[in-house]
Amino acid sequence: KTKCEEFMKLAGAGRVDEALKRLEPFWPFSSAEFAQVQLQTTKQMGLVEPRFGKAVGYEFVREETINDTVLRLTYIQKCERHVIRWVFIFYKPGEKWLLNSFSWDDKIAQLFD
């Protein structure tokens with residue numbers, strides 16, 4: 001959760017590319033895959049600002065767990081005209097949590113599910 005808070009603090013300040021670099025050490029898959037995810041996310045976020053406005057902060061929404069094996073953390077990145085939902089999923093196969101996936105979208109209604 002601490003790493004997600006660090007990520008969201010940067011994302012909430014409009015520094016998503018820098019935030020993504022902080023997640024890479026926790027990504028259990030190839031560096032090439034992470035680089036592709038980072039490139040796509042940075043490119044898509046460039047299209048968000050003109051529509052939603054500048055990032056103006058973030059808020060924690062919820063934490064959900066399945067036993068001590070799967071953890072989902074949901075946040076919102078606040079922008080001047082809209083919010084972006086960020087979802088981080090972690091998997092713990094042993095002693096260490098791994099970032100299994102993360103996603104973002106503008107589906108505000110799903111925050112209430």
Side-chain angles (χ1 to χ4, degrees):
K1 189 171 179 179
T2 303
K3 294 301 174 189
C4 286
E5 287 287 329
E6 291 174 13
F7 177 94
M8 290 308 303
K9 185 174 184 178
L10 290 167
R15 297 163 48 198
V16 173
D17 192 48
E18 186 179 340
L20 287 167
K21 290 176 185 173
R22 302 253 178 128
L23 290 182
E24 187 172 9
F26 305 97
W27 187 255
F29 307 113
S30 76
S31 294
E33 181 180 340
F34 188 84
Q36 185 63 30
V37 168
Q38 185 175 14
L39 179 68
Q40 289 176 359
T41 301
T42 301
K43 183 178 175 181
Q44 291 170 349
M45 289 301 285
L47 302 173
V48 167
E49 187 174 313
R51 184 164 185 233
F52 295 165
K54 293 185 182 287
V56 295
Y58 77 95
E59 290 182 20
F60 174 72
V61 175
R62 78 174 60 91
E63 177 179 322
E64 301 163 280
T65 59
I66 298 174
N67 300 324
D68 193 31
T69 305
V70 180
L71 168 67
R72 179 168 64 179
L73 300 173
T74 303
Y75 292 83
I76 55 171
Q77 176 185 347
K78 301 186 311 184
C79 299
E80 294 170 317
R81 294 182 292 277
H82 200 55
V83 299
I84 298 169
R85 179 177 68 126
W86 285 89
V87 178
F88 301 89
I89 298 178
F90 293 86
Y91 169 59
K92 187 177 177 186
E95 296 298 315
K96 182 178 166 185
W97 286 100
L98 304 173
L99 177 61
N100 190 261
S101 67
F102 67 92
S103 61
W104 62 275
D105 58 43
D106 66 341
K107 298 176 182 174
I108 297 173
Q110 290 187 1
L111 292 168
F112 297 97
D113 292 343

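Counting begins at 1 with the first residue of the sequence.
Scanning both residues, Ala11 and Gln77, for their nearest heavy atoms gives O-NE2, 3.0 Å. The two atoms that bring Gly53 and Cys79 nearest to each other are O-CB, 3.8 Å, heavy atoms only.
Under a 3.5 Å cut-off, the side chain of Arg62 and the backbone N or O of Arg72 do not form any donor-acceptor pair.
When the side-chain contact (heavy atoms from CB on, under 4.5 Å) test is applied to Glu59, the partners found at least two apart in sequence or on another chain are Ile76, Lys78. With sequence neighbours excluded, no residue forms a salt bridge (Lys or Arg N to Asp or Glu O under 4.0 Å) with Glu5. The side-chain contact (heavy atoms from CB on, under 4.5 Å) test applied to Ser101 returns Ile89, not counting sequence neighbours. Here Lys3 pairs with nothing under the side-chain hydrogen bond (donor to acceptor under 3.5 Å, both in side chains) rule; sequence neighbours left out. Residues satisfying the ring pair (Phe, Tyr, Trp, His ring centres under 6.0 Å) criterion with Phe26, sequence neighbours excluded, are absent altogether. Judged as a side-chain contact (heavy atoms from CB on, under 4.5 Å), and not counting sequence neighbours, the contacts of Arg51 are Asp106. Taking the side-chain hydrogen bond (donor to acceptor under 3.5 Å, both in side chains) definition, one finds that Asp68 meets it with Lys92, sequence neighbours left out. Applying the salt bridge (Lys or Arg N to Asp or Glu O under 4.0 Å) criterion to Lys54, with sequence neighbours excluded, gives Glu49. Partners of Arg15 according to the side-chain contact (heavy atoms from CB on, under 4.5 Å) rule, which considers only residues two or more places apart in sequence or in another chain, are Leu10, Ala13, Glu18. Taking the ring pair (Phe, Tyr, Trp, His ring centres under 6.0 Å) definition, one finds that Tyr58 meets it with nothing, sequence neighbours left out.
By the 4.5 Å heavy-atom criterion applied to side chains, Pro28 and Tyr91 are not counted as neighbours. Residues Gln44 and Trp104 are in side-chain contact: their nearest non-hydrogen atoms beyond the backbone lie under 4.5 Å apart.
A continuous path of ILVMFWY side-chain contacts below 4.5 Å connects Leu20 to Phe29, so both sit in one hydrophobic cluster. Hydrophobic clustering, with ILVMFWY side chains joined whenever heavy atoms are under 4.5 angstrom apart, keeps Val16 apart from Leu47. Leu73 is connected to Leu23 through a chain of hydrophobic side-chain contacts under 4.5 Å among Ile, Leu, Val, Met, Phe, Trp and Tyr, so both are in one cluster. A continuous path of Ile, Leu, Val, Met, Phe, Trp and Tyr side chains, each step under 4.5 Å between heavy atoms, connects Phe60 with Ile84, placing both in one hydrophobic cluster. Tracing side-chain contacts under 4.5 Å through hydrophobic residues (I, L, V, M, F, W, Y), one never reaches Val87 starting from Phe34; they form parts of separate clusters.
Here the CG-CG distance, from Leu71 to Asn100, works out to 11.0 Å after rounding to the nearest 0.5 Å. One finds the CZ atom of Phe90 at 10.0 Å from the CD atom of Glu63 (value rounded to the nearest 0.5 Å). With values rounded to the nearest 0.5 angstrom, Leu99 atom CG is found 9.5 Å from Phe7 atom CZ.
The aromatic rings of Phe88 and Tyr75 sit perpendicular, their planes meeting at an angle over 60°, well past the 30° parallel limit. Below 30°, between 30° and 60°, or above 60°: for Phe52 and His82 the angle between ring planes is between 30° and 60°, a tilted geometry. Using a 30° and 60° split on the angle between ring planes, Trp86 and Phe102 fall in the parallel class, below 30°.
Sorted by first and then second residue, the salt bridge (Lys or Arg N to Asp or Glu O under 4.0 Å) pairs with a member in residues 93-105 read Arg85-Asp105; sequence neighbours excluded. Within the structure, every pair that satisfies the side-chain hydrogen bond (donor to acceptor under 3.5 Å, both in side chains) test and touches residues 19-38, not counting sequence neighbours, is listed here: Asp17-Gln38.
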Worked verdict on Phe112 versus Val61 for side chain to side chain contact (heavy atoms under 4.5 Å, CB included): CA-CA 10 Å; Phe112 297 97; Val61 175; over 6 Å; no
